[in-house]
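Structure first, then comments.
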Number of protein chains: 2
Amino acid sequence: MIEKSKNTDRSTEVVPRPGGRSARIQAAVIQAVEELKQNQDPSELTVPAIADRAGVTPSTIYRRWGTLNELLAEVAARNMRPDAPPQDTGDWRNDLAVWLHEFVEEMSSEPGRVMLREVLGGERPDNAGQCSSFTRQQLDTILARVNNDEERPPATDDLLDQVIAPVMYRILFTNAPPERDYTQKLIDKALGVNST
Amino acid sequence: MIEKSKNTDRSTEVVPRPGGRSARIQAAVIQAVEELKQNQDPSELTVPAIADRAGVTPSTIYRRWGTLNELLAEVAARNMRPDAPPQDTGDWRNDLAVWLHEFVEEMSSEPGRVMLREVLGGERPDNAGQCSSFTRQQLDTILARVNNDEERPPATDDLLDQVIAPVMYRILFTNAPPERDYTQKLIDKALGVNST
DNA sequence: CCCTTAAGGCAAATATTTTGCGTTAAGGGG
DNA sequence: CCCCTTAACGCAAAATATTTGCCTTAAGGG
């Protein structure tokens with residue numbers, strides 16, 4: 001008997017389908033994770049518990065995300081998405097300072113550090129990449145407010161190197177979260193302010 | 001009957017004992033982890049497997065480290081300890097460049113990224129702190145070679161902020177590991193080299 | 001409307017983590 | 001030097017979590 005028409009030998013790669021049942025389940029799972037994270041006691045944040053609350057079987061979660069770490073990484077990355085563009089005070093330098101101080105405070109907080117740990121703990125680099133992408137977008141938004149005729153704004157990359165990176169390094173690798181003064185000095189230096 | 005002499009009501013806090021049986025077991029477990037990490041297929045890197053190889057019961061590991069993540073974080077932090085001081089070429093600027101390029105290459109490599117993930121994935125901040133402590137020591141060693149009569153070396157903190165941090169940020173949060181040119185420019189800028 | 005296929009549910013099989021309890025060895029005091 | 005106390009370990013049973021095989025479901029495409 002001839003094997004029934006194998007259509008798999010075509011280069012017709014199986015294209016992943018967008019939206020639909022999968023999407024609803026994914027949303028339910030993610031929401032379940034966020035809800036369970038409200039309850040203190042992180043030991044309740046387990047795959048079976050998440051599955052239960054999402055109305056899904058554990059195997060669904062394991063098959064889609066592989067491990068709890070990956071699921072948490074994805075959720076954390078999502079939650080890092082800013083819910084608003086940086087405040088517009090009319091002075092972009094001020095916007096930058098205001099936004100940055102808030103950014104640092106959020107990242108240094110316990111929930112912030114937990115999110116960072118989760119994002120960086122995942123194996124897929126996408127999630128971490130998304131975080132810096134969000135940050136970059138916020139910076140771009142602020143820099144777009146500069147009147148280019150009057151002054152030349154710093155490049156986004158320079159701000160990432162000279163301000164964001166040092167702040168993140170301290171949060172991730174030292175016990176001393178960045179003080180407000182320290183952060184401000186980084187800004188001033190990056191913007192070329194003379195404070196000798 | 002009088003409860004037999006309770007000597008626990010004294011302020012004689014029970015002091016954790018250094019070295020001894022515990023120390024040997026700890027060493028055996030850590031070595032087991034390192035050996036198992038040689039074998040590709042990280043799915044073999046499991047607590048029962050580690051316990052087996054270390055000649056220990058799993059419960060010992062769970063009680064001491066809590067989770068696999070914590071154990072891996074500790075081992076990774078240990079392995080980040082440099083095994084030699086930075087090469088001494090006679091020119092500290094060169095020493096810095098040589099050391100840094102090697103540092104970046106190690107951290108960007110797949111094993112390096114895995115170690116970073118493990119270190120940052122643990123809950124105890126000590127391990128990450130130790131990493132930056134190692135880095136700081138290496139930098140200090142290089143800077144100590146500067147002849148202070150002739151030139152003023154940069155501060156270690158400035159190097160951390162302006163060179164190490166940007167490099168680490170890119171490794172952790174972007175898909176593009178730092179190119180050699182990029183790293184060199186960071187050094188030049190931090191050392192005040194005019195390259196306009 | 002039917003066909004194909006990726007994804008989900010269910011439940012059994014595995015693997016892991018946790019826990020209670022008895023044992024061991026390191027230190028300290030008499 | 002011996003005993004006493006205690007933290008840490010081993011062992012094994014119990015509790016959880018993870019993996020897997022097989023069947024069912026629903027989204028898209030022809």
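Protein chains get the first letters and strands the later ones, always in sequence-line order, with residue 1 at the start of each.
Judged as a salt bridge (charged side-chain N to carboxylate O under 4.0 Å, His left out), the pairs with a partner in residues 93-104 of chain A (not counting sequence neighbours) are, in order, A:R93-A:E151, A:D95-A:R145.
Checking D:dG30 for Watson-Crick or G-U wobble geometry (two distances, each under 3.5 Å) identifies C:dC1 as its partner.
A:T89 and A:D91 are not linked by any side-chain donor-acceptor pair at a separation below 3.5 angstrom, with hydrogens and angles left out of the test. No side-chain donor from either of B:T135 and B:S132 sits under 3.5 Å from a side-chain acceptor of the other. Judged by distance alone, the side chains of B:Y182 and A:D157 never bring a donor and an acceptor atom under 3.5 Å apart.
Using a 4.5 Å cut-off between side-chain heavy atoms of Ile, Leu, Val, Met, Phe, Trp and Tyr, B:L68 falls into a hydrophobic cluster with B:I25, B:V29, B:I30, B:V33, B:L36, B:L45, B:V47, B:I50, B:V56, B:I61, B:Y62, B:W65, B:L71, B:L72, B:V75.
Look at CD1 on B:I61: it is 13 Å from C1' on D:dG10, rounded to the nearest Å. Atom pair B:R21:CZ and D:dC9:P shows a separation of 6 Å (rounding to whole Å applied).
At D:dC9, one or more side-chain N or O atoms of B:R64 fall inside 4.0 Å of OP1 or OP2 (strictly under the cut-off).
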Would you mind building the protein contact string for nucleotides 9-19 of chain C? One character per nucleotide, 5' to 3', B for base within reach (heavy atoms under 4.0 Å), S for sugar-phosphate only, - for untouched.
BB-----SBBB
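Inter-residue side-chain proximity for B:R170 and A:D161 is flagged as met; some heavy-atom pair is nearer than 4.5 Å.
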